[in-house]
Amino acid sequence: KMSAASNYLENEVLDHVLGEGGRNYKSPTLYVALFCEKSSGVVAALESGDATTGSSANWGYYEVNNGNYARRPVGFAAASSGSAASNETVTFAQANANYDTAGSAGNTVTHIALVDHASGGSGNVLFYGALSVSKTVTNGDTFQINSGSLTISLA
C-alpha cells in the first residue's frame, strides 16, 4: 500500500489544477470565495456540500452574498516543494454594507475557498481553509489577500 506522493507528483498535480505550465489541460479561471460562520458547519459544507443556499449542509449558505461582494479571480506561481502560492494581489470591491450570508452568519470572514466559477450560487470547491486571522468586513471596508499570501499545499 502506497500512502505518500513524491514532491514531484505533488508539484505536477498542483500545476495541473492551478493551470501553471505547458500542459494539455487548461484549468478554468479560479476564483477566491469568502465565507463567514458562527458554528463549525462551514468546513463540512465546503468538503461535501454544494453552492445552494437553502441548507447549512451546503457551502452556499455560508458564502458572503451582499455588501458589493463578488468572487475574485486569482493566479498562482509554479508549485515548489508541494505548495503553490498566489502570484497576484486579490482585492475585493469596497463593501457598501456589512458582509453577511444566506445563513445570517454575520460579517466576519473566517474561511476562503478556491472555486471554479465566478458567480455565487454555482461552481465547485477545489481547495478550502480557515483564515489564520478572521476579518470583520463592514460598510466601507475592503478585503484583500496580498500576493504570495494564499498558499495551496499537497505536502
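The figures that follow rest on heavy atoms only: side chains count, while hydrogens, waters and symmetry mates do not.
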Trainee: Of all residues at least two apart in sequence or in a different chain, which pass the salt bridge (Lys or Arg N to Asp or Glu O under 4.0 Å) check with Arg72?
Mentor: none
Trainee: By the ring pair (Phe, Tyr, Trp, His ring centres under 6.0 Å) test, which pairs, at least two apart or in different chains, include something from residues 119-144?
Mentor: Phe92-Phe143
Trainee: Is the backbone of Gly148 close enough, under 3.5 Å, to the side chain of Ser86 for a donor and an acceptor to pair up by distance?
Mentor: yes
Trainee: State, yes or no, whether a side-chain contact exists between Tyr99 and Thr138 at a heavy-atom distance under 4.5 Å.
Mentor: no
Trainee: Evaluate the side-chain proximity of Leu30 to Leu126: yes if any heavy-atom separation is below 4.5 Å, no if none is.
Mentor: yes
Trainee: Which heavy atom in Asn65 sits nearest to a heavy atom in Ala102, and how many Å separate them?
Mentor: ND2-N, 3.3 Å
Trainee: Report yes or no: do Val90 and Tyr31 belong to one cluster of Ile/Leu/Val/Met/Phe/Trp/Tyr joined by side chain heavy-atom distances under 4.5 Å?
Mentor: no
Trainee: In terms of hydrophobic clustering (I, L, V, M, F, W, Y; side-chain heavy atoms under 4.5 Å; direct or indirect links), are Leu150 and Val125 co-clustered?
Mentor: no
Trainee: May I have all residue pairs that pass salt bridge (Lys or Arg N to Asp or Glu O under 4.0 Å) and include part of residues 44-63, sequence neighbours excluded?
Mentor: Glu63-Arg71
Trainee: How close do Ala51 and Gly123 get, counting heavy atoms only, and between which atoms?
Mentor: CB-O, 4.4 Å
Trainee: For Tyr62 and Ala45, which heavy atoms make the closest approach, and how far apart are they?
Mentor: CE1-CB, 3.8 Å
Trainee: Regarding Asn146 and Thr89, do their side chains bring together a donor and an acceptor under 3.5 Å, going by distance alone?
Mentor: no
Trainee: Considering only residues two or more places apart or on different chains, which pairs with a residue in residues 105-119 satisfy side chain to side chain donor-acceptor pair (under 3.5 Å)?
Mentor: Thr108-Thr136, Asp116-Asn124, His117-Ser122
Trainee: Quick check on side-chain contact (heavy atoms from CB on, under 4.5 Å): which of Leu46, Val109, Thr101 does Phe35 satisfy it with?
Mentor: Leu46
Trainee: If you group Ile, Leu, Val, Met, Phe, Trp and Tyr by side-chain heavy-atom gaps below 4.5 Å, do Leu14 and Val32 land in one group?
Mentor: yes
Trainee: So, Thr53 side chain and Tyr61 main chain: donor-acceptor pair closer than 3.5 Å or not?
Mentor: no
Trainee: What is the minimum heavy-atom distance between Thr29 and Pro73, and which atoms define it?
Mentor: CG2-CB, 4.0 Å
Trainee: Look only at the side chain of Asn68 and the backbone of Asn96, and say whether a donor-acceptor pair between them is shorter than 3.5 Å.
Mentor: no
Trainee: Is Ile152 reachable from Val43 through a run of hydrophobic residues whose side-chain heavy atoms are each under 4.5 Å from the next?
Mentor: no
Trainee: Considering residues at least two apart in sequence or located in another chain, which fulfil the side-chain contact (heavy atoms from CB on, under 4.5 Å) criterion with Gln94?
Mentor: Thr142
Trainee: When rounded to the nearest 0.5 angstrom, what distance separates OG in Ser81 from CG in Leu154?
Mentor: 12.5 Å
Trainee: Are Leu131 and Trp59 grouped together when hydrophobic residues (ILVMFWY) are joined by side-chain heavy atoms under 4.5 angstrom apart?
Mentor: no
Trainee: For residues 92-109, which residue pairs pass the salt bridge (Lys or Arg N to Asp or Glu O under 4.0 Å) check, not counting sequence neighbours?
Mentor: none
Trainee: Between Ser83 and Ala79, is there a donor-acceptor pair closer than 3.5 Å when you use the side chain of the first and the backbone of the second?
Mentor: no
